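Some notes on the structure that comes next.
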There are 2 protein chains.
Amino acid sequence: MVGRASTPGRRGRPRQAEVARLAGVSQTTVSLVLGGNKQGIALHEDTRARVLAAARELGYVPDPAARRMARARNNLLGVFSFTATFPVDVEHSYYPILVGVEREAVARGYDLVLFTGSSSGPAQTVAPGALQRVRMADGCLFLGRHIPEGELRRLVDDNFPAVHIGRRDELEGLAWVGVDYVSASAEVVRHLAGLGHRRIVLVRESDDAPASADRERGFRMALAELGGPNGAAVVRTARPGADITPAWVRARVAEGVTAFVAEETDTGAAWRQLLAAVNGAGLDVPGEVSLALLGSPPADLAGRPQPTGFDVPRAELGSAAVRMATALLAGEEAAEPLVACTFRPGRTAGPAPGRP
Amino acid sequence: MVGRASTPGRRGRPRQAEVARLAGVSQTTVSLVLGGNKQGIALHEDTRARVLAAARELGYVPDPAARRMARARNNLLGVFSFTATFPVDVEHSYYPILVGVEREAVARGYDLVLFTGSSSGPAQTVAPGALQRVRMADGCLFLGRHIPEGELRRLVDDNFPAVHIGRRDELEGLAWVGVDYVSASAEVVRHLAGLGHRRIVLVRESDDAPASADRERGFRMALAELGGPNGAAVVRTARPGADITPAWVRARVAEGVTAFVAEETDTGAAWRQLLAAVNGAGLDVPGEVSLALLGSPPADLAGRPQPTGFDVPRAELGSAAVRMATALLAGEEAAEPLVACTFRPGRTAGPAPGRP
DNA sequence: TTGTATGCGTTATCAT
DNA sequence: ATGATAACGCATACAA
C-alpha cells in the first residue's frame, strides 16, 4: 500500500464517493446528477432524487481544485501590476479600472488572482520569474507603465492569453485594450465646430505619450474636416502651461481663434494654466471664448466650471480588458480593443462670437 | 485508450513531465527539486541545476489546483467580499484594508484571489454555494457587513482557515481581526485627563454597532479610573447630531464639563455637529473647551482643525487579517486579533480651564 | 440507465 | 541519488 500517511489537507469534507455510497449508486452517477447532467444523459428520476438527498444530507460541496483540474481550467483571471496592485499614490487611476475588471469578471464567472509583482522589491523591479506565475491563471491582465518585455514576450509567444491595459504597440502580438482618444477628441472638435468655431487651438504637453499623440491626431483629423485655415493649431508647451499666458491668449483671439482645447495630464497643468490665462485676459467663458478639455479635470477644480470635453471610462476599460482576455481564452481572435469616451457637454463651450 | 478527446483547456502550460523530459530526469525528480526538497533528500547539484534551468526555460509554474489536491496548499489566499470587492460607494474604507492585505500577503509569499461574491446579484444576495469556492485557496479573508451565516458556518466547522475582517462574535469559532477601539478610546480620555479634564461627555449615535459599543466601553473604563462624578457622561443622539446644540453645550459647560468627545461615524455627523454647536456657543477650542474625536474626521473637514483623537489603521487591519489567516493555516491557534490605533495629538484639546 | 476505467498535475512513499 | 507508482476528487469516454 502506497500513499500519504495521513491525508494532510483533508478537511473532513464529504466527497462524491461518500454521497454515492449513501445513495447506493456509483460515483459517476453522483457526478452526473450533481453536475447538472450537461450531456443530457437519461437518468431515473428516482436515482436523481436519492443522490440529491444524500448530497444534501452530507452537506456535499464540490472541491473546486479537483473540478478545475478535471476540466483543465480554473476560471481564474490574473491581474498583474508592475507596481503594487493597490498603489497608494495612483489610487484614483487604478481603482476605477479594477472596478470594471471585477464587474466583468463576475459576469463571466471568473475569479480574480492578484499577482503581487514588484511591491516587495524596490521601485519597478519585477523579480525574475515572477511574471511566469501568472500562468497559473487561465489568462492575465497587465497594468502599469514599465513592462518587462522579455518575460512578457515569452508569455505571448507561448500563446498565453495576456492583455495589456493601455495601448501597447512595442510588443508585437501582445493584445491590449485602450481608450479611443482619437474619436473622443475629434468629437469635441466637431462639437465646437457645430457651435460655429472655425479657428481652434490645442494646448498639449511636449512629451510623447501615446495618449497625447492620439488626442492630437483626433484633433487634427476633425480640424481637417472643417477645411478652414488651420496653421499652427497645435501648441506644445515645454514647461507645462508656462507658455500659456494672458498675452498669448489675447494674441490668438486677435488672430481669430475662438476656442481653446487642452489635453488632460497627470497634473492637469494644461487645463489649469489655460483657465488662468483666459481669466487673466479678462475674457468671458463661454461668452467670448470657448474652452474644452480632452479628459477629466484635476480633482481640485472639478466643478468650477465643468469643462466641455469627455470622460475617460476607466471602469469600462477594465471591462474591455476582461472581454478581450476571455475572447483570447475562448480561441476567438480578438475583441474590440478600444473603449469609447463619453462626451461631456459641460459649460465652457458656447456659440462662437458673432454667431446666433 | 480512454480519456478526453481534445484536452479542452490546454494552453500549452508546461508541466513537470515536460520539464523532466527536457532535463533528462524523471518527473519525480522535478517535483523534488522544484518543491524545495523539503524532505532533505540528497540531490546531485548537477541535476538540480539542470532541472532548474529547464523549468525556467519552459516557464514552468505549478498548477495550483493540482498542488492543492496533492499537497493541500497552493499559497493562495482568498479575499471574499459580501459586497463587490471594489465597492464604489465605500471605496475609501475598503481600499486601505486591501493595501495592507496585499503588503502582508506579498511578504509571506501569498498571491491573492479575489472571490467575487454577490456583485452581480441584487443587493447583498450571495449566490448559494458561491462561498464554497473559496476552498480553492489555502484560506480566506471575509469582508463586508452582512455575512451569510449558514455557508460560513460550514467552512468554519470544516476547519477551513477563515478570518473575518471586523469583530464578529455572532459566529462561534469564526476567527476575526478588529480594531481595538476600547484601548484607543480609553487612551484619548486619559490624554484629556492628563490635561486636567475631569468631567467629559461622549457623544455617540444611537445604533448598536460593535465599533460604537467598544468606543463607549473604552470611554467609560478610562472615566472610571478618574473616579470623579461622572453621571450622564454619555449622550446617544437619536438623529445624528440633532440634539447637540449651542444651548446644550452651554448647559454642560455650566455643569462643569470641560471636554467633549465624539465618535466617528460614516457620515461624521457627531463630530460635525459638535463642532458647530461649540462654535455656535461662542466657545474657544481648545481654550475654553477641549474636543476629541474617536476616529478620523470626515474628508471634507479633514484639516481644520485637526482633531485630537486617533486614527484607525486600516492597512494594518488588513495585514493583521493575513497574519491571522496564515497562523490558522500553519496550525498555530491564533494571532493577535486586535490592531492598535495610533493616537493623534491634534489641536482641539488643551489644558482644562483653571489649570496651568 | 448505470457502472468501470482513466486522466488531469502534483506530492509522497517505496523501491531501486 | 533517482525512478516507478499510488493517491487527491472529479469528469468523461466507453462498456454493460
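Quick caveat: nothing in here was measured; it's all calculated off a predicted structure. The sequence lines fix the lettering, A, B, ..., with proteins before strands; numbering per chain opens at 1.
In this structure, D63(B) places its CG atom 10 Å from P of dT11(C), rounding to the nearest Å. Look at CD on E45(A): it is 10 Å from P on dT2(C), rounded to the nearest Å. N74(A) places its CG atom 16 Å from the C1' atom of dA11(D), with the value rounded to the nearest Å. For the pair M69(B) CE and dA12(C) P, the computed distance is 14 Å after rounding to whole Å. Atoms CZ (R21(A)) and P (dC10(D)) sit 13 Å apart, rounded to a whole Å. When the P atom of dC8(C) is taken as reference, atom CD of E18(B) falls 11 Å away, rounded to whole Å. Atoms CZ (R71(A)) and C1' (dG9(C)) sit 17 Å apart, rounded to a whole Å. Distance CG (N75(A)) to P (dA11(D)): 13 Å, rounded to an integer number of Å.
If G24(A) and L34(B) are placed on DNA chain C by their nearest nucleotide, the residue sitting closer to the 5' end is G24(A). Nearest-nucleotide positions on DNA chain D place H44(B) closer to the 5' end than the other of H44(B) and L32(A). Place L43(A) and Q27(A) on DNA chain C by their nearest nucleotides, and L43(A) ends up nearer the 5' end.
Atom CD of E172(A) sits in a sparse spot, with 12 or fewer heavy atoms from other residues, nucleotides or ligands closer than 6.0 Å.
Listed pair R67(A) / dA11(D) meets the phosphate criterion, a side-chain N or O lying under 4.0 Å from OP1 or OP2. In terms of phosphate contacts, Q16(A) brings a side-chain nitrogen or oxygen within less than 4.0 Å of OP1 or OP2 of dA11(D). A close approach under 4.0 Å does occur between a side-chain nitrogen or oxygen of T47(B) and OP1 or OP2 of dT2(D). In this structure, R68(A) does not reach the dC8(C) phosphate: none of its side-chain N or O atoms is under 4.0 Å from OP1 or OP2. For dA4(D), the OP1/OP2 oxygens have no side-chain nitrogen or oxygen of T28(B) closer than 4.0 Å.
The side chain of R15(B) sits closest to dC8(C) out of dT2(D), dC8(C), dC10(D). For P62(B), the side-chain atoms get nearest to dT10(C) when compared with the rest of dT10(C), dT2(D), dG7(C).
With values rounded to the nearest 0.5 angstrom, S81(A) atom OG is found 9.5 Å from I97(A) atom CD1. Rounding to the nearest 0.5 Å places CG of L174(A) at 9.5 Å from CD of E149(A). Separating the CG atom in N74(A) from the OH atom in Y110(A) is a distance of 9.0 Å, to the nearest 0.5 Å. Once rounded to the nearest 0.5 Å, the distance linking NE2 of H164(B) with CG of D169(B) reads 11.0 Å.
Within 4.0 Å of V25(A), counting heavy atoms only, lie sugar-phosphate atoms of the nucleic acid but no base atom. Among the protein residues, S31(B) comes within range of the nucleic acid bases, having at least one heavy atom under 4.0 Å from a base atom.
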